[in-house]
Amino acid sequence: MSERRKQYPFPDFEPKWQRIWGEQKTFRVANPGEPGFDPAKPKFYVMDMFPYPSGEGLHVGHPEGYTATDILSRYKRMRGFNVLHPMGWDAFGLPAEQYAIKTGQHPSVTTAQNIARFKGQLTRIGLSFDWSREVNTTDPSYFRWTQWIFLQLYNSWFDPVKKKARPIAELEAERKAAHPDESAEDRREYLDQHRLAYVAEAPVNWCPQLGTVLANEEVVDGKSDVGGFPVVRRPMRQWMLRITAYADRLQDELSGLDWPESIKLLQRNWIGRSEGSEVDFRLPRRKAKITVFTTRPDTLFGATYMVLAPEHELVDKITTAAQRAAVDAYRNEVAQKSDLERTNLAKEKTGISTGGFAINPVNGQKVPIWIADYVLSSYGTGAIMAVPAHDERDFEFARKFGLEIREVVEPPNPVEGCFSGSGTAINSDFLNGLQTSEAKARVIDWLEERGLGKRSVNYKLRDWLFSRQRYWGEPFPIVWRDGHHEALAETDLPVIPPPLDDYRPTGTIEPPLSKAKDWVQLPGGVRRELNTMPQWAGSCWYYLRYISPTDQQRLVDADAERYWMGGGKPGGVDLYVGGTEHAVLHLLYARFWHKVLFDLGYVSTVEPFQRLVNQGMILGEDNQKMSKSRGNVIGPDEIIEDYGADSLRLYEMFMGPLEATKPWSMAGVEGVYRFLARVWRLAMTENQEGAWELSPNLSEVEPGPQQKKVIHATIKKVTEDVEALAFNTAISQMMIYVNTFTTAERRPVTALRTLLILLNPFAPHLSEELWERLSQRFPTFSGQISQQAWPVWDDTYLVEDEVEIIVQVNGKLRDKITVQKDLDSKAVEEAALAAPKVKESTAGKTVRKIVVVPNRVVNVVVS
RNA sequence: GCCGGGGUGGCGAAAUUGGCAGACGCGCCAGACUUAGGAUCUGGUGGAGCAAUCCUUAGGGGUUCGAGUCCCCUCUCCGGCACCA
């Protein structure tokens, strides 16, 4: 192919236009107050999830979303919007560090190389980014503000009454007023327990191979998401972010967003809000009680035993001497197990009796207390009341260990085995006869009156484990003095990582930064925090930095933020396009940080992203996921080399719906390439010497009525489809347009003009080039194409005088009639019955009914 | 297991409110131009049948004058969650 002659000279003009756009800064957009800013225009902020610049470069999956947002950007500019369309680099994190360790090059070097490579590739696709707004998470002028946001988290607490973050200084003042005699030490402890960024000794996911802890979200099937190495649980002192404080808001405030319902659902499931109650079970002859969380307090009369997580703090107290050895053995056994083994659903339930008993608060009955690893220490209170008759897990456990199963809910229809649905309460004293929902309310009231329980909400969401034992990440703006953490001053930012030669993991829990002895040790026995932030940190707020990327005073300029993020909707960014793989993690974290910044007054919207669209995955030609090991990876460079950037763009959009997963096809690329060549030849022709010149068929005639109809139908279709991100059907319509004029002997230049503008967002190089060449002969092509106004369609060209109506007999197509548009039903009926095929098939039958759908269909029902 | 999204020609896919299933593209077939065609142009192309006609949107049932579209059941593929009390 590369040897073959190109069907149109894209290798000449594609680089040319990319150069011109770069030199003229064609797609640069000004902020409010800056020269060239037009306040009369509405704003449109459209962005892609920025890439992680890996060593491999782009594959054809990347440009799919980028092309979609680029088309919309170019379209919106032509519709008179100020368009913010930026790009940047998410460059801290494990892959870069792993790659650096492998190649022996410093991650800053490989990162710079990878970024240069990616940027070159994106430029060759002809994407209209405003590169003056480029951000890079590893640039000190950027991560200075990532660290600054961390300081805001550190210096804030969540006020549960106002349901918002407030400065920790306010809490300190309130505390001082309420407890004036409290020691400084105690007060510090109190405040530290309320910060949004806090230190906790917590069981974490430790990955020995990577030498770091990982967030729950980064562990898949007991292995690290990056690299697939085994992960074990171990307690470590870690920085945590109090995202759970925002659980309700993160869930509730989804409702105002234009996101796919499936993504909202994914987030809701991840947050996992669950309403129920806490119930206290007293221990006989002791002060202590065991509190359980349950969503089914109505089944309390069926609680025939209790189960504690093996790690529960009361296990030692309640275990009887006789059971001591067995309990210890079981707890040991469980501690040895990896998470993978523990959560393996297929396995049989295990557990052991502690020998202890508790009192069921509703009926005073003694119930045995067991421990079992199917009860998680990290959810609820780490203890449950077991209702084997109405919970699958308890049922399975009770059957295995011969525990009592007592039915207390009557199912609406008889069922076998365990019934966990709603029904009518039975064997439940004062609840008898009540429906499940009523019984729940009644029993909670009963418990609350007696101080034995209360309404309660639990979440699956855990606080965000925020520290990593890595080199290639943002250092914390934190130092340690006398065993206490302290925030650095804003003026100390950025905290730049030390220039280590050996940044490999230490092989112990000590982070690599511990190797930079001079950097770590500060005067006065003060030591720096050695952990770094996780990769998610930089991507949590980059959409804000695009707005004022060089601002030295604030993370984002206030006026510019109000303009670009404004618009009266909950979310600021008008369109955010990226893959589903970030459905929970990145999008939840970014929303969390945004809400904190909102609470503290730094941003003007409660949500970052108003509209979210997930582009689907592009598979290899073999219908498999693209991967190096399968050898089916296709890169944009090879496509651009053979078919040009416009063909790449157009094919990416023509493949199918943006959201769909779809396989690549080189034959399909050829198809759109041929289409673009036909567009070229609509205006150009090859002379004797083989040089391209303007076609003699071009003429300044008016398009004919049929042509006008196609022109206006296409304007309408392309406009509506672009708005709906239905690019594949927009392209189909433009193909119809081109087919119409290819066969025309004389080609009206006005038709060509309209086509080029419609095509410009899709194939910007070709349309720029043709526009320029046509301007040499036809004055209507003055100016630059990107400055033209988007065409408007006129419905009067689309209306038909006559319509073809299909005639069915008993629902089967029998004939077609052509009648005047909007002809009254009676006349249509008559015309339909008179149609020859209809007469034939109704002959000798009784017409029972005739259905007439105006301008569409007639259905004759016969016996 | 639970939740979500799919299943339409040989292939990628279209199809407003329920109203001609398969637009557009690929592939294939035939023709034109041509020294040549893997370029270009023209025509054809869901399946069966010489034909009239019949069949056809994963499979089965239902609602309806009329169902790819709405309802119920089943199969299957993809994604997510995975003992969350």
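Being a predicted model, the structure only gives us computed values, none of them experimental. Within every chain, numbering begins at 1; the chains are lettered A, B, ... in the order of the sequence lines, protein sequences first and strands thereafter.
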Atom-pair distance (CD1 on A/I618; C1' on B/rG12), nearest Å: 12 Å

Spacing of the C1' atoms in B/rG19 and B/rC11 (rounded, Å): 29 Å

Phosphate contact (B/rG79 OP1 or OP2) by A/T661 side-chain N/O below 4.0 Å: no

Candidates B/rA85, B/rC65, B/rG4 - which lies nearest the side chain of A/K849: B/rC65

Strand partner of B/rC54, provided both Watson-Crick or wobble distances fall under 3.5 Å: B/rG47

Touch class at under 4.0 angstrom, heavy-atom based, for A/T295 against every strand present: sugar-phosphate

Aromatic ring proximity A/Y374/A/F397, centre distance under 6.0 Å: yes

Complementary nucleotide of B/rC26, counting Watson-Crick and G-U pairs under 3.5 Å: B/rG10

Whole-Å C1' distance, B/rG25 and B/rU45: 14 Å

Distance flag, aromatic centroids of A/Y651 and A/W664, threshold under 6.0 Å: yes

Sugar-phosphate only, base, or nothing, as touched by A/N458 at under 4.0 Å among non-hydrogen atoms: nothing

Sugar-phosphate only, base, or nothing, as touched by A/R268 at under 4.0 Å among non-hydrogen atoms: nothing

Nearest to side-chain heavy atoms of A/N728, which nucleotide of B/rC24, B/rG19, B/rA14: B/rA14

A/Q733 or A/M655, whichever maps to the more 5' nucleotide of RNA chain B: A/M655

Base paired to B/rC81 (Watson-Crick or G-U; both N/O distances under 3.5 angstrom): B/rG1

Inter-nucleotide C1' distance (B/rC54, B/rA58), Å rounded: 22 Å

A/Y589 (side chain) donor-acceptor with A/W464 (main chain) under 3.5 angstrom: no

Nearest-angstrom distance, P atom, B/rU76 to B/rC71: 22 Å

Interatomic distance, A/E392 CD vs B/rG1 C1' [rounded to whole Å]: 9 Å

Interatomic distance where CD belongs to A/E723 and P belongs to B/rU16 [whole Å]: 19 Å

B/rC73 and B/rA23, which share atom name C1', separated by this distance in whole Å: 34 Å

Touch class at under 4.0 angstrom, heavy-atom based, for A/L266 against every strand present: sugar-phosphate

Pairing partner of B/rG68 (Watson-Crick or G-U wobble, both distances under 3.5 Å): none

Nearest-angstrom distance from the residue atom OH of A/Y379 to P of B/rA85: 4 Å

Basic-acidic side-chain contact under 4.0 Å: A/D298, A/K440: no

First of A/S262 and A/I384 reached from the 5' end of RNA chain B, by closest nucleotide: A/S262

Residues A/K662, A/E64: salt bridge by 4.0 Å N-O rule: yes

Touch class at under 4.0 angstrom, heavy-atom based, for A/T743 against every strand present: sugar-phosphate

G-U wobble or Watson-Crick pairing nucleotide for B/rU17 (cut-off 3.5 Å, both distances): none

Sugar-phosphate, base or nothing in reach of A/K816, heavy atoms under 4.0 Å: base

Short side-chain N/O contact from A/R674 to OP1 or OP2 of B/rC26, under 4.0 Å: yes

Residue A/W270, side-chain atoms from C-beta onward, closest of B/rA23, B/rC81, B/rG66: B/rC81

No-hydrogen, no-angle side-chain donor-acceptor test under 3.5 Å, A/Y459 and A/D248: yes

Gap between atoms NZ and P, on A/K264 and B/rG79 respectively (whole Å): 25 Å

Length of the CD1-P vector between A/I271 and B/rC81, whole Å: 14 Å

Given B/rC81, B/rC20, B/rC24, the nucleotide with the shortest approach to the side chain of A/E804: B/rC20

Pairwise P distance, B/rG18 and B/rG66 [rounded to whole Å]: 16 Å

Test item: A/R814 side-chain N/O and A/E840 main-chain N/O as donor-acceptor pair under 3.5 Å: no

Nearest-neighbour nucleotide for the A/I806 side chain, B/rA39, B/rC20, B/rA23 considered: B/rC20

Conformer about C1'-N of B/rG49 - syn within 90° of 0, anti elsewhere: anti

Touch class at under 4.0 angstrom, heavy-atom based, for A/V853 against every strand present: base

Closest to side chain of A/T729, choosing from B/rA85, B/rA13, B/rA14: B/rA14

Spacing of the C1' atoms in B/rC29 and B/rG46 (rounded, Å): 15 Å

Minimum-distance nucleotide (side-chain atoms of A/K460 versus B/rU40, B/rC24, B/rC81): B/rC81

Closest to the A/F654 side chain, choosing from B/rA85, B/rC3, B/rC24: B/rC24

Nearest to side-chain heavy atoms of A/R678, which nucleotide of B/rC26, B/rC41, B/rA13: B/rC41

Separation between the C1' atoms of B/rG22 and B/rG12, rounded to whole Å: 13 Å

Between A/S420 and A/D391: side-chain donor-acceptor atoms closer than 3.5 Å: no

Spacing of A/M385 atom CE relative to B/rA85 atom C1', expressed in whole Å: 9 Å

Side-chain N or O of A/K812 closer than 4.0 Å to phosphate OP1/OP2 of B/rC55: yes

Candidate pair A/W692 and A/Y8, rule ring pair (Phe, Tyr, Trp, His ring centres under 6.0 Å), full reasoning: CA-CA 9 Å; A/W692 290 104; A/Y8 65 97; 8.6 Å; no

Any donor-acceptor N/O pair under 3.5 Å between B/rG4 base and A/E261 side chain: no

Integer-rounded Å distance: B/rA85 P and A/L308 CG: 18 Å

Aromatic ring proximity A/F10/A/W680, centre distance under 6.0 Å: no

Nucleotide of B/rC41, B/rG19, B/rC24 approaching A/R681 most closely (side-chain heavy atoms): B/rC41

Side-chain N or O of A/Q7 closer than 4.0 Å to phosphate OP1/OP2 of B/rU40: yes

Identity of whatever pairs with B/rA32 - Watson-Crick or G-U, under 3.5 angstrom: B/rU40

